[in-house]
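First up is the structure itself, then whatever we jot down about it.
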2 protein chains.
Amino acid sequence: MTTPDEVRWLTADQLRAWVGLLSVAELLPAALDSQLRRDAGLTHFDYQVLAMLSEAPGRSLRMTTLAQRTSATLPRLSHVVERLEGRGFVVRTPDPDDARATRAYLAEPGWDTLVAAAPGHVVNARALVIDALTDEQVSQLESITGALLARLDPEDRLARRG
Amino acid sequence: MTTPDEVRWLTADQLRAWVGLLSVAELLPAALDSQLRRDAGLTHFDYQVLAMLSEAPGRSLRMTTLAQRTSATLPRLSHVVERLEGRGFVVRTPDPDDARATRAYLAEPGWDTLVAAAPGHVVNARALVIDALTDEQVSQLESITGALLARLDPEDRLARRG
DNA sequence: CGACTTTGCTTGTACTGTCAACTTTTCGCC
DNA sequence: GGCGAAAAGTTGACAGTACAAGCAAAGTCG
């Protein structure tokens, strides 16, 4: 496990892109959290959990699947779902097919909250990201994030929808 | 403060780019934290603080300036610098020119820690991001993040380097 | 030149996320 | 079919962050 004598530092161009990406990765989640907490009483992660459940057949998913679709660790998801269940937004039941597994169901209050929050969230997503880019840049961004996720998530567990 | 009757939902292309960006924003900080904590005992945010100080004249910056350069809120920075000071990496002193302001200085142990951590961090940055992209994509990424930061950080407080 | 506002930072509390350990169920296999 | 290993979640302790409040110094202005 030796390290090379000479480090390949970043060029000026690479450094600008790197710093830009770090800043976006820092500021975007904060901006999304801020809007959703203010207008809907939800974390952005809460929103993603509810959204993924709402799109799933039977409005229900196994915890592991849900964790993959939200890019989250299982302990984190477990805690969040516990809180959402306490608010009546979600219900957890053991999976009949596999007694180890837990299925999370989107309850009616959770659905209503999501439906109420969605328009504002989309407006925010457009204002901060989509409408700030040209169609070409949106396409480039899709390619770039695809390449990055291949490194960040080698098993490619998430991203595969349906 | 009325909302439009019809929401402009995202197209399929836009949605893929959006989801990709969200995933990257979720996974990249976690991956950077993980490597730096394991190999250097530093948070990625700790690293950024030390790095910004190391590049500043006199290895010193005012807290507000440091907060801007690290995309952080002031309370967050204050807590982090408190811990770094406890470890002997940083020293805080009142600014002689403005008694309200605090200047943070990078101390020798902090410098040494940073120098030891930098090569591994750059290797990681290349492995996860830079080397995953073509030169053209790096250039595109710089433009895209520039456009996004204009929305996320309208006052353009950060990003302007020394 | 004294009240008022603004700026710069710190502090305390509450919440969120992480990590390691643990329980329970299922799978692989001789 | 019984034993070891892996998988699925949960839990509890701890670290890190956000938010709101507070305090002190500096600027402003009648």
Side-chain angles (χ1 to χ4, degrees), chain A residues 25-38 41-49 60-87 90-105 155 157, chain B residues 25-38 40-49 60-87 89-105 155 157:
Chain A
E26 190 71 45
L27 295 176
L28 181 57
L32 298 177
D33 271 343
S34 174
Q35 183 268 324
L36 280 170
R37 293 201 52 136
R38 176 167 42 79
L42 293 174
T43 300
H44 177 239
F45 186 74
D46 293 339
Y47 180 91
Q48 286 190 94
V49 168
S60 159
L61 287 172
R62 289 177 52 163
M63 292 294 281
T64 299
T65 309
L66 188 50
Q68 291 168 351
R69 300 223 178 146
T70 54
S71 309
T73 60
L74 214 34
R76 178 185 182 186
L77 179 65
S78 189
H79 282 137
V80 169
V81 169
E82 182 182 14
R83 292 168 211 146
L84 291 175
E85 192 171 33
R87 297 213 262 165
V90 164
V91 177
R92 272 185 296 191
T93 66
D95 188 319
D97 295 343
D98 184 342
R100 293 174 301 181
T102 304
R103 292 195 73 85
Y105 290 83
E155 279 89 26
R157 302 169 314 173
Chain B
E26 191 71 45
L27 295 176
L28 180 58
L32 299 178
D33 270 343
S34 174
Q35 183 268 323
L36 280 170
R37 292 200 53 135
R38 175 166 42 79
L42 293 174
T43 300
H44 178 240
F45 186 74
D46 294 339
Y47 181 91
Q48 287 190 94
V49 168
S60 158
L61 286 173
R62 289 177 52 162
M63 293 292 282
T64 299
T65 309
L66 188 50
Q68 291 168 351
R69 301 225 178 144
T70 54
S71 309
T73 60
L74 215 32
R76 178 185 181 186
L77 178 65
S78 189
H79 282 135
V80 169
V81 169
E82 181 182 14
R83 290 170 215 144
L84 291 175
E85 191 171 33
R87 297 213 262 166
F89 290 175
V90 165
V91 177
R92 273 185 296 190
T93 67
D95 188 319
D97 295 343
D98 185 340
R100 293 172 300 180
T102 303
R103 292 195 74 85
Y105 291 84
E155 280 88 26
R157 302 168 314 172

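As a basis for the values below, the full set of heavy atoms in this structure was taken, side chains included, without hydrogen atoms, waters or symmetry mates. Labels below follow one simple rule: chain letters A, B, ... track the order of the sequence lines, proteins then strands, and each chain is numbered from 1.
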How many whole angstroms separate atom [atom1] of [X] from atom [atom2] of [N]?
X	N	atom1	atom2	result
B:Met63	D:dA24	CE	C1'	16 Å
A:Leu84	C:dT16	CG	C1'	13 Å
B:Leu74	C:dT6	CG	C1'	14 Å
B:Leu77	C:dT11	CG	P	13 Å

*When every nucleotide of nucleotides 13-20 of chain D is labelled 5' to 3' by its protein contacts under 4.0 Å (heavy atoms), B for base, S for sugar-phosphate only, - for none, what sequence of letters results?*
---SBBBB
*Check whether any side-chain N or O of A:Ser78 sits under 4.0 Å from OP1 or OP2 of D:dT11, and answer yes or no.*
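Result: no.
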*Flag yes if more than 12 heavy atoms outside B:Arg92 fall under 6.0 Å of its CZ atom; otherwise flag no.*
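Buried by this count: over 12 neighbours within 6.0 Å.
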*Should we count CZ of B:Arg37 as having more than 12 external heavy atoms under 6.0 Å?*
no
_Backbone of A:Ala30 reached by a side-chain donor or acceptor of A:Asp33 within 3.5 Å_ = no
_Using only atom types and a distance under 3.5 Å, with no angle test, would you say the side chain of A:Thr70 pairs donor to acceptor with the backbone of A:Leu66?_
yes
*Enumerate the residue pairs fulfilling salt bridge (charged side-chain N to carboxylate O under 4.0 Å, His left out) with a member in residues 71-83 of chain B, sequence neighbours excluded, ordered by first and then second residue.*
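Passing the test, one end in residues 71-83 of chain B: A:Glu26-B:Arg76.
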*Contacts to DNA chain C from residues 91-100 of chain B, heavy-atom cutoff under 4.0 Å, which residues?*
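Those residues whose heavy atoms fall under 4.0 Å from DNA chain C, taken from residues 91-100 of chain B in numerical order, are B:Arg92, B:Arg100.
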